[in-house]
Amino acid sequence: MDSNYFTSLYMAHATLQSWLKPSPPSKNAITTNSSTDAAAAAAPSSSSSSSSHHGPPPPPARHLIFTASFLAFFSVTGFAPYSPCKAALRALSDTLSQEMNLYAAAHPRAPRVRLHTVFPATIFTESYEAENRIKTDVTKMLEEGDDGQTPEVVAARSIRGLERGQELITTEVLAWLVKRSMLGGSVRGGFLQALGDWIVACIMGIVMVFVREDVDRKVRAWGRKYGASGMKKDDKQT
(Lines give C-alpha, C1' and ligand atoms only; values in the text may rest on other atoms or scores of the structure.)
Protein backbone atom coordinates (compact mmCIF):
# COMPACT_ATOMS: atom_id res chain seq x y z
CA MET A 1 0.00 0.00 0.00
CA ASP A 2 2.86 2.40 0.78
CA SER A 3 4.51 2.12 -2.63
CA ASN A 4 1.45 1.46 -4.80
CA TYR A 5 -1.02 3.94 -3.32
CA PHE A 6 0.33 6.32 -0.69
CA THR A 7 3.27 7.47 -2.81
CA SER A 8 0.82 8.53 -5.54
CA LEU A 9 -1.53 10.08 -2.98
CA TYR A 10 1.20 12.16 -1.31
CA MET A 11 2.69 13.21 -4.65
CA ALA A 12 -0.75 14.27 -5.91
CA HIS A 13 -1.35 16.22 -2.71
CA ALA A 14 1.96 18.07 -2.99
CA THR A 15 1.47 18.75 -6.70
CA LEU A 16 -2.06 20.09 -6.31
CA GLN A 17 -1.04 22.26 -3.38
CA SER A 18 1.58 23.84 -5.61
CA TRP A 19 -0.69 24.18 -8.64
CA LEU A 20 -3.74 25.50 -6.79
CA LYS A 21 -1.93 27.97 -4.57
CA PRO A 22 -3.14 31.47 -5.50
CA SER A 23 -0.24 33.62 -6.60
CA PRO A 24 -0.28 37.33 -5.66
CA PRO A 25 -0.21 39.72 -8.63
CA SER A 26 3.21 41.15 -9.43
CA LYS A 27 3.93 44.90 -9.33
CA ASN A 28 4.14 44.97 -13.12
CA ALA A 29 0.74 43.31 -13.39
CA ILE A 30 -0.76 45.84 -10.96
CA THR A 31 0.72 48.75 -12.91
CA THR A 32 -0.49 47.30 -16.21
CA ASN A 33 -3.97 46.69 -14.86
CA SER A 34 -4.16 50.21 -13.45
CA SER A 35 -3.14 51.69 -16.80
CA THR A 36 -5.64 49.50 -18.60
CA ASP A 37 -8.44 50.50 -16.24
CA ALA A 38 -7.62 54.18 -16.67
CA ALA A 39 -7.58 53.84 -20.45
CA ALA A 40 -10.83 51.93 -20.41
CA ALA A 41 -12.47 54.62 -18.28
CA ALA A 42 -11.40 57.32 -20.74
CA ALA A 43 -12.44 55.37 -23.85
CA PRO A 44 -15.99 55.32 -25.29
CA SER A 45 -18.36 52.66 -24.01
CA SER A 46 -18.23 50.78 -27.30
CA SER A 47 -14.46 50.32 -27.00
CA SER A 48 -14.85 49.18 -23.42
CA SER A 49 -17.43 46.64 -24.47
CA SER A 50 -15.19 45.39 -27.28
CA SER A 51 -12.14 44.97 -25.03
CA SER A 52 -14.14 42.92 -22.52
CA HIS A 53 -14.73 40.29 -25.20
CA HIS A 54 -11.11 40.03 -26.31
CA GLY A 55 -9.14 39.24 -23.16
CA PRO A 56 -6.11 36.94 -23.10
CA PRO A 57 -6.85 33.26 -23.73
CA PRO A 58 -6.95 30.96 -20.71
CA PRO A 59 -3.68 29.16 -19.93
CA PRO A 60 -3.31 25.52 -21.00
CA ALA A 61 -4.61 22.80 -18.70
CA ARG A 62 -2.42 20.89 -16.29
CA HIS A 63 -2.58 17.10 -16.27
CA LEU A 64 -2.11 14.80 -13.27
CA ILE A 65 -1.56 11.21 -14.43
CA PHE A 66 -1.70 8.07 -12.27
CA THR A 67 -0.55 4.59 -13.32
CA ALA A 68 -2.83 1.85 -12.03
CA SER A 69 -3.32 -1.64 -13.47
CA PHE A 70 -5.77 -3.88 -15.27
CA LEU A 71 -6.07 -5.63 -11.89
CA ALA A 72 -8.03 -2.61 -10.64
CA PHE A 73 -10.87 -3.92 -12.84
CA PHE A 74 -10.43 -7.68 -12.42
CA SER A 75 -8.10 -9.26 -9.90
CA VAL A 76 -6.92 -12.87 -9.64
CA THR A 77 -5.57 -15.16 -6.95
CA GLY A 78 -2.18 -14.04 -5.66
CA PHE A 79 -2.64 -10.30 -6.09
CA ALA A 80 -4.38 -9.50 -2.79
CA PRO A 81 -1.57 -7.15 -1.64
CA TYR A 82 -1.52 -5.35 -5.01
CA SER A 83 -4.95 -5.10 -6.62
CA PRO A 84 -6.72 -3.11 -3.85
CA CYS A 85 -4.02 -0.41 -4.10
CA LYS A 86 -4.61 -0.01 -7.82
CA ALA A 87 -8.39 0.06 -7.36
CA ALA A 88 -7.86 2.79 -4.74
CA LEU A 89 -5.90 4.81 -7.31
CA ARG A 90 -8.85 4.70 -9.66
CA ALA A 91 -11.17 5.92 -6.87
CA LEU A 92 -8.70 8.70 -6.03
CA SER A 93 -8.55 9.80 -9.66
CA ASP A 94 -12.35 9.84 -9.99
CA THR A 95 -12.70 11.84 -6.77
CA LEU A 96 -10.06 14.42 -7.69
CA SER A 97 -11.60 14.73 -11.16
CA GLN A 98 -14.80 15.93 -9.50
CA GLU A 99 -13.07 18.09 -6.90
CA MET A 100 -11.11 19.99 -9.53
CA ASN A 101 -14.46 21.36 -10.75
CA LEU A 102 -14.60 23.37 -7.52
CA TYR A 103 -11.32 25.08 -8.30
CA ALA A 104 -12.17 25.60 -11.96
CA ALA A 105 -15.47 27.27 -11.07
CA ALA A 106 -13.91 29.46 -8.37
CA HIS A 107 -10.94 30.47 -10.53
CA PRO A 108 -12.10 30.45 -14.17
CA ARG A 109 -8.93 32.19 -15.42
CA ALA A 110 -6.57 29.72 -13.73
CA PRO A 111 -5.22 26.67 -15.61
CA ARG A 112 -7.61 23.72 -15.55
CA VAL A 113 -6.41 20.60 -13.77
CA ARG A 114 -7.36 17.34 -15.47
CA LEU A 115 -7.00 13.84 -14.05
CA HIS A 116 -6.02 10.69 -15.94
CA THR A 117 -5.27 7.11 -14.92
CA VAL A 118 -3.57 4.50 -17.11
CA PHE A 119 -4.45 0.82 -16.65
CA PRO A 120 -1.79 -1.35 -18.33
CA ALA A 121 -1.71 -5.12 -18.00
CA THR A 122 1.58 -7.05 -18.04
CA ILE A 123 4.59 -4.94 -19.02
CA PHE A 124 7.83 -6.75 -19.87
CA THR A 125 10.34 -5.01 -17.63
CA GLU A 126 13.02 -5.96 -15.13
CA SER A 127 10.48 -5.42 -12.36
CA TYR A 128 8.19 -7.96 -13.99
CA GLU A 129 11.01 -10.51 -14.08
CA ALA A 130 11.71 -9.86 -10.38
CA GLU A 131 8.01 -10.20 -9.61
CA ASN A 132 7.86 -13.59 -11.31
CA ARG A 133 10.63 -14.88 -9.05
CA ILE A 134 8.40 -14.51 -6.00
CA LYS A 135 4.98 -14.96 -7.61
CA THR A 136 2.99 -18.07 -6.67
CA ASP A 137 2.68 -20.86 -9.20
CA VAL A 138 -1.11 -20.67 -9.19
CA THR A 139 -0.91 -17.00 -10.20
CA LYS A 140 1.49 -17.81 -13.03
CA MET A 141 -0.94 -20.46 -14.22
CA LEU A 142 -3.82 -17.97 -14.29
CA GLU A 143 -1.67 -15.51 -16.26
CA GLU A 144 -0.71 -17.99 -18.98
CA GLY A 145 -3.04 -16.36 -21.53
CA ASP A 146 -1.61 -12.88 -20.97
CA ASP A 147 0.60 -11.91 -23.92
CA GLY A 148 1.97 -8.82 -22.21
CA GLN A 149 3.30 -5.62 -23.80
CA THR A 150 6.62 -3.83 -24.09
CA PRO A 151 7.08 -0.50 -22.29
CA GLU A 152 7.22 1.26 -25.66
CA VAL A 153 3.80 -0.04 -26.69
CA VAL A 154 2.25 0.86 -23.34
CA ALA A 155 3.74 4.37 -23.52
CA ALA A 156 2.55 4.96 -27.09
CA ARG A 157 -1.01 3.83 -26.36
CA SER A 158 -1.11 5.80 -23.11
CA ILE A 159 -0.08 8.98 -24.92
CA ARG A 160 -2.71 8.33 -27.57
CA GLY A 161 -5.38 8.11 -24.86
CA LEU A 162 -4.12 11.29 -23.22
CA GLU A 163 -4.24 13.15 -26.53
CA ARG A 164 -7.86 12.07 -26.91
CA GLY A 165 -8.69 13.50 -23.48
CA GLN A 166 -9.59 10.17 -21.89
CA GLU A 167 -9.60 10.00 -18.08
CA LEU A 168 -9.37 6.21 -17.73
CA ILE A 169 -6.93 4.84 -20.30
CA THR A 170 -6.37 1.20 -21.20
CA THR A 171 -3.57 -0.10 -23.41
CA GLU A 172 -4.95 -3.39 -24.70
CA VAL A 173 -8.28 -4.83 -25.84
CA LEU A 174 -9.09 -7.08 -22.87
CA ALA A 175 -8.63 -4.26 -20.37
CA TRP A 176 -10.73 -1.98 -22.61
CA LEU A 177 -13.59 -4.50 -22.62
CA VAL A 178 -13.50 -5.16 -18.88
CA LYS A 179 -13.32 -1.44 -18.11
CA ARG A 180 -16.52 -0.87 -20.06
CA SER A 181 -18.41 -3.08 -17.60
CA MET A 182 -17.03 -1.24 -14.52
CA LEU A 183 -17.16 2.48 -15.30
CA GLY A 184 -19.83 3.40 -12.75
CA GLY A 185 -19.71 7.15 -12.25
CA SER A 186 -16.44 7.72 -14.10
CA VAL A 187 -16.29 10.25 -16.95
CA ARG A 188 -17.43 8.57 -20.16
CA GLY A 189 -17.02 11.23 -22.84
CA GLY A 190 -20.58 12.14 -23.76
CA PHE A 191 -23.93 10.50 -24.52
CA LEU A 192 -22.89 8.46 -27.57
CA GLN A 193 -19.83 7.11 -25.77
CA ALA A 194 -22.00 6.21 -22.77
CA LEU A 195 -24.44 4.41 -25.08
CA GLY A 196 -21.59 2.40 -26.58
CA ASP A 197 -20.30 1.62 -23.09
CA TRP A 198 -23.75 0.38 -22.09
CA ILE A 199 -23.92 -2.01 -25.06
CA VAL A 200 -20.45 -3.40 -24.34
CA ALA A 201 -21.26 -3.61 -20.61
CA CYS A 202 -24.38 -5.69 -21.35
CA ILE A 203 -22.30 -8.16 -23.36
CA MET A 204 -19.45 -8.22 -20.86
CA GLY A 205 -21.87 -8.76 -17.98
CA ILE A 206 -22.70 -12.13 -19.52
CA VAL A 207 -19.13 -12.91 -20.59
CA MET A 208 -17.69 -12.19 -17.15
CA VAL A 209 -20.00 -14.76 -15.56
CA PHE A 210 -18.20 -17.47 -17.50
CA VAL A 211 -14.77 -15.88 -17.07
CA ARG A 212 -15.11 -15.78 -13.28
CA GLU A 213 -16.50 -19.32 -13.21
CA ASP A 214 -13.52 -20.54 -15.24
CA VAL A 215 -11.02 -18.80 -12.94
CA ASP A 216 -12.70 -20.20 -9.83
CA ARG A 217 -12.74 -23.69 -11.31
CA LYS A 218 -9.01 -23.53 -12.05
CA VAL A 219 -8.19 -22.28 -8.54
CA ARG A 220 -10.27 -25.01 -6.87
CA ALA A 221 -8.64 -27.66 -9.06
CA TRP A 222 -5.22 -26.33 -8.08
CA GLY A 223 -6.11 -26.48 -4.39
CA ARG A 224 -7.24 -30.09 -4.64
CA LYS A 225 -4.05 -31.07 -6.44
CA TYR A 226 -1.35 -28.98 -4.75
CA GLY A 227 -2.83 -27.62 -1.52
CA ALA A 228 -3.49 -24.11 -0.25
CA SER A 229 -0.01 -22.58 -0.56
CA GLY A 230 -0.31 -21.79 -4.27
CA MET A 231 3.01 -23.51 -4.98
CA LYS A 232 3.57 -26.81 -6.74
CA LYS A 233 6.55 -27.87 -4.65
CA ASP A 234 4.72 -27.73 -1.32
CA ASP A 235 2.87 -30.71 0.08
CA LYS A 236 -0.89 -30.74 -0.24
CA GLN A 237 -1.25 -30.63 3.55
CA THR A 238 0.63 -27.30 3.81
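Bear in mind that the values here come from a model prediction, so they are computed numbers and not experimental data.
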**OP:** Could you tell me whether a side-chain N or O of K135 sits under 3.5 Å from a main-chain N or O of K140, the two making a donor and an acceptor?
**Re:** no
Original post:
Has the side chain of K179 got a donor or acceptor atom that lies under 3.5 Å from a matching backbone atom of L168?
Top reply: yes
Partner residues of [X] under the salt bridge (Lys or Arg N to Asp or Glu O under 4.0 Å) criterion, sequence neighbours left out:
| X | answer |
| --- | --- |
| R114 | none |
| D197 | R180, R188 |
| E99 | none |

Linked hydrophobic residues, [X] as query - side chain contacts closer than 4.5 Å:
| X | answer |
| --- | --- |
| L9 | M1, Y5, F6, Y10, L16, W19, L20, L64, F66, L89, L92, L96, M100, Y103, V113, L115 |
| I159 | none |
| L192 | F191 |

**OP:** Examine the side chains of T136 and T139 and answer whether a donor and an acceptor come within less than 3.5 Å of each other.
**Re:** yes
**OP:** Answer yes if the side chains of R90 and S186 hold a donor-acceptor pair under 3.5 Å, and no otherwise.
**Re:** yes
[X] side chain near [Y] side chain, heavy-atom distance below 4.5 Å:
| X | Y | value |
| --- | --- | --- |
| F74 | L174 | no |
| M204 | M182 | no |
| L142 | V219 | yes |
| R164 | R160 | yes |
| D216 | E213 | no |

Original post:
Which pairs, with at least one residue in residues 72-87 and sequence neighbours excluded, count as a side chain to side chain donor-acceptor pair (under 3.5 Å)?
Top reply: S75-S83
Subject >> Residues which pass side chain to side chain donor-acceptor pair (under 3.5 Å) with T117, listed by chain and number, not counting sequence neighbours >> reply: S93
Original post:
Residues in side chain to side chain contact (heavy atoms under 4.5 Å, CB included) with N101, at least two apart?
Top reply: R112
Subject >> Under the side chain to side chain contact (heavy atoms under 4.5 Å, CB included) test, residues paired with Q149 that sit two or more places apart >> reply: V153, V154, R157, T171, E172
Original post:
Does anything in residues 198-219 pair up under ring-ring contact (aromatic ring centres under 6.0 Å, His included), and if so which pairs, sequence neighbours excluded?
Top reply: none
**OP:** Only pairs at least two apart or in different chains count here, so list each ring-ring contact (aromatic ring centres under 6.0 Å, His included) that has a residue in residues 113-153.
**Re:** H63-H116, F73-F119, F124-Y128
**OP:** Give a yes or no on this: more than 12 heavy atoms of other residues, nucleotides or ligands lie within 6.0 Å of atom CD of Q193.
**Re:** yes
Subject >> Within 6.0 Å of CG in L102, more than 12 heavy atoms from elsewhere >> reply: yes
